[in-house]
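Just so we're clear, the structure is a prediction, and the values are computed from it rather than from any experiment. Chain naming here is simple, since letters A, B, ... match the order of the sequence lines and numbering starts at 1 in each.
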Amino acid sequence: MVEHAVRIAGLVKRFGGLVALDGLDLEVPRGSVFGFLGPNGAGKTTAMRILVGLLRPTAGSATVLGLDAVADTVAVRQRVGYLAQHPAFYDDLTARQNLRFARGFYPPSPDRRVDAEIDEALELVGLSGAGDQAVGGLSGGQRQRLGIAQAQIHRPELLVLDEPASALDPLGRRDVLAILERLRGVTTVLYSTHILDDVQRVSDTVAILQDGRRLAQAPMAELLGGAATSYALTVTGEGAEQVPHRLASQDWVAQVTTSPAVEGHRDVHVTVSDDDRAAAQLLRVVLDDDRVVVTAFRRHRSQLEDVFVDLVDGARP
Amino acid sequence: MSGATASTSRGAGALTGVANQTRREASSWWASRRWAVSALVWTGLVNGLLALILWVVPNLDGPAEIADTTLAESALQFTGLAAVLAGAGVVLMAQGVLIDDRRSGVVEWLLSKPLARPALIIAKLVGHAPPLVVTIVVLPWVLVGVQLWLAGEAVWPIGQWLGAVALLSLLVVFQLAVVLVLSTVTTSRAVVLAVPLGALLAADLFTTFAPWASDWLPWGLGRLASLVLAHGVLASTQLVVVSVLATVGCVVAAAWRFERSQR
């Protein structure tokens with residue numbers, strides 16, 4: 001049985017007439033880098049704020065590391081690190097001073113050890129050179145990285161990161177993803193984002209939310225493995241109009257779509273149900289007719305974006 | 001980075017995290033020039049007012065009564081005005097103590113740490129009250145004592161001076177508590193400024209029409225301090241008790257309200 005760092009059951013949160021969470025269920029396995037996906041307004045931030053005690057749920061339950069997120073909120077926060085979507089700090093203090101202040105909420109250690117922890121945290125996020133700069137003068141990317149450093153300054157068992165890379169430029173995003181990679185195996189990471197490439201790169205488990213509900217949750221490989229593979233080819237020649245019919249008759253083909261020929265060239269899109277057979281036979285079937293010429297051929301393996309779009313579109317009324 | 005280690009529980013209940021937060025609030029004064037600047041400004045303002053009353057006004061051309069004003073009467077007048085200055089000063093200086101942190105997102109950051117909500121309110125009071133009292137009342141009033149000594153050519157009774165300082169300090173702490181409770185209700189700077197300033201100015205007027213209220217409104221501490229400084233008379237012990245209770249009440253209300261807000 002998988003041990004869970006977070007368990008959410010039937011979580012509901014209403015803000016007046018607005019339903020932010022509508023019976024959310026979620027399990028975050030311990031040790032995972034868990035991507036929390038959803039369009040804007042899906043309820044990701046609300047769920048995360050409930051986990052760290054910043055909001056109370058209207059109904060349902062949430063346990064974090066075996067503790068009730070509402071009744072034991074202070075105990076939860078002793079074992080969890082949190083990064084808000086727009087991290088705020090004391091701008092008059094340096095990065096190092098902010099980390100020392102944040103560290104002060106946790107069990108005391110000798111000064112030398114705290115200094116070492118702060119150095120280690122700054123190094124982890126690549127801010128060793130900016131540790132003595134006032135936070136007010138840091139760039140957006142540096143603030144985000146400092147946010148991760150302060151969230152894990154006490155080496156929490158769970159890191160909850162709300163959109164840690166969304167506001168950053170490509171280089172900043174790359175740095176933050178590298179930090180998440182480095183945290184793999186050190187702690188459980190639950191992070192939200194709407195940037196699908198990021199999730200696919202670093203997450204091992206994914207949940208997709210929409211309208212406050214979970215649409216899907218699975219390990220990344222399983223989520224992508226369940227998605228269809230497709231092939232796109234462009235054919236020409238006298239027998240080209242017969243190609244879609246011949247392909248559709250194969251039992252490993254799920255769907256064939258075609259576009260009208262342009263200057264004798266016809267695009268054919270083939271979704272397959274058995275990729276191994278398709279890889280071995282598809283071109284042979286097409287070229288079985290000597291009159292057909294294939295001018296373009298491309299295999300397209302579904303990305304998380306395809307899965308996400310399918311799920312979200314499919315859930316729309 | 002070594003493996004994750006479990007943090008053990010620290011602090012208890014409503015006071016969890018209060019020590020760390022109080023250190024931060026206090027250091028925002030003592031670890032910068034803020035306290036020195038504040039002390040200089042308030043010393044100048046308060047003593048400028050007293051100098052005006054003691055040395056300038058009696059020498060102006062005017063009715064004979066003004067020139068004949070006794071030192072005790074001058075001290076009485078001055079303390080009433082100094083109390084309004086102190087009560088207004090604390091509101092002006094402390095207006096952003098909580099709402100700035102709420103608006104900037106710092107409060108959300110703090111509350112994601114093991115810091116209980118009531119502990120944040122208590123830390124704001126305990127961290128800011130001493131520097132406010134020291135810079136708005138205690139340090140300026142050292143020079144006030146010197147001016148009174150010079151004007152009277154004798155040391156002003158130390159007990160009376162201490163009594164007035166203590167009462168004005170209580171007014172400062174009470175006003176800070178009012179600012180805190182308002183800051184849990186709203187993030188509007190205008191409201192946080194207007195209510196305690198308005199009450200400070202209206203209290204005297206109100207007690208003119210309703211004399212019974214003078215023993216019940218903490219904003220009347222200035223009047224009490226005037227009598228203590230000028231004549232060594234504590235006119236109402238009840239008002240002191242009421243002010244202490246009102247201060248505690250505001251802090252409890254702020255903690256209660258904050259526990260339920262932003263959720």
Side-chain angles (χ1 to χ4, degrees), chain A residues 13 31 48-57 65 70 72-93 97-98 100-108 117 120-121 123-124 147 150-160 182-183 185-188, chain B residues 1-35 96-120 123-124 127 187 258-263:
Chain A
K13 179 64 185 179
M48 290 180 144
R49 286 166 59 86
I50 287 173
L51 291 178
V52 293
L54 293 170
L55 290 173
R56 278 182 213 267
L65 304 166
V70 177
D72 304 321
T73 174
V74 173
V76 165
R77 284 181 267 148
Q78 279 164 338
R79 296 171 61 186
V80 173
Y82 173 68
L83 168 67
Q85 193 168 355
H86 304 290
F89 307 99
Y90 287 122
D91 286 349
D92 57 317
L93 301 184
Q97 287 169 331
N98 269 288
R100 183 176 294 281
F101 165 69
R103 178 63 181 79
F105 284 112
Y106 302 99
E117 287 170 0
E120 203 176 337
E123 195 182 328
L124 172 81
Q150 64 77 29
Q152 68 84 55
I153 188 67
H154 59 300
R155 299 175 185 181
E157 293 162 73
L158 170 67
L159 266 177
V160 178
R182 267 178 263 165
L183 289 167
V186 174
T187 185
T188 306
Chain B
M1 177 69 59
S2 58
T5 54
S7 301
T8 53
S9 178
R10 185 189 186 196
L15 292 180
T16 304
V18 74
N20 191 50
Q21 191 59 40
T22 302
R23 273 196 298 276
R24 158 61 199 171
E25 302 299 340
S27 73
S28 70
W29 285 89
W30 304 122
S32 69
R33 287 191 213 135
R34 185 178 173 193
W35 73 270
V97 155
L98 185 58
I99 59 175
D100 284 353
D101 285 355
R102 287 182 66 189
R103 285 173 164 186
S104 67
V106 164
V107 161
E108 175 167 315
W109 176 45
L110 298 176
L111 294 178
S112 73
K113 305 292 176 197
L115 171 66
R117 285 168 186 252
L120 177 57
K124 293 283 182 192
T187 52
F258 198 52
E259 182 68 32
R260 279 149 189 80
S261 68
Q262 296 184 324
R263 295 226 198 180

Under the 3.5 angstrom rule, does the side chain of B/T16 hit a backbone N or O of B/L115 as a donor-acceptor pair?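 Not a single qualifying donor-acceptor pair exists.
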Could you look at [X] and say if it's the side chain, the backbone, both or neither that has a heavy atom under 4.5 Å from chain B?
{"X": "A/L93", "answer": "side chain"}
{"X": "A/D91", "answer": "neither"}
{"X": "A/E123", "answer": "neither"}

Taking only Lys NZ, Arg NE, NH1 and NH2, and the carboxylate oxygens of Asp or Glu, determine whether A/D92 and B/R24 approach each other closer than 4.0 Å.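 B/R24 and A/D92: salt-bridged.
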Residues that A/D72 engages under side-chain hydrogen bond (donor to acceptor under 3.5 Å, both in side chains), provided they are two or more places apart: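 By the side-chain hydrogen bond (donor to acceptor under 3.5 Å, both in side chains) rule, A/D72 matches no residue at all.
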So does B/W29 have more than 12 non-hydrogen atoms from other groups sitting under 6.0 Å from CH2?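 Yes, enclosed.
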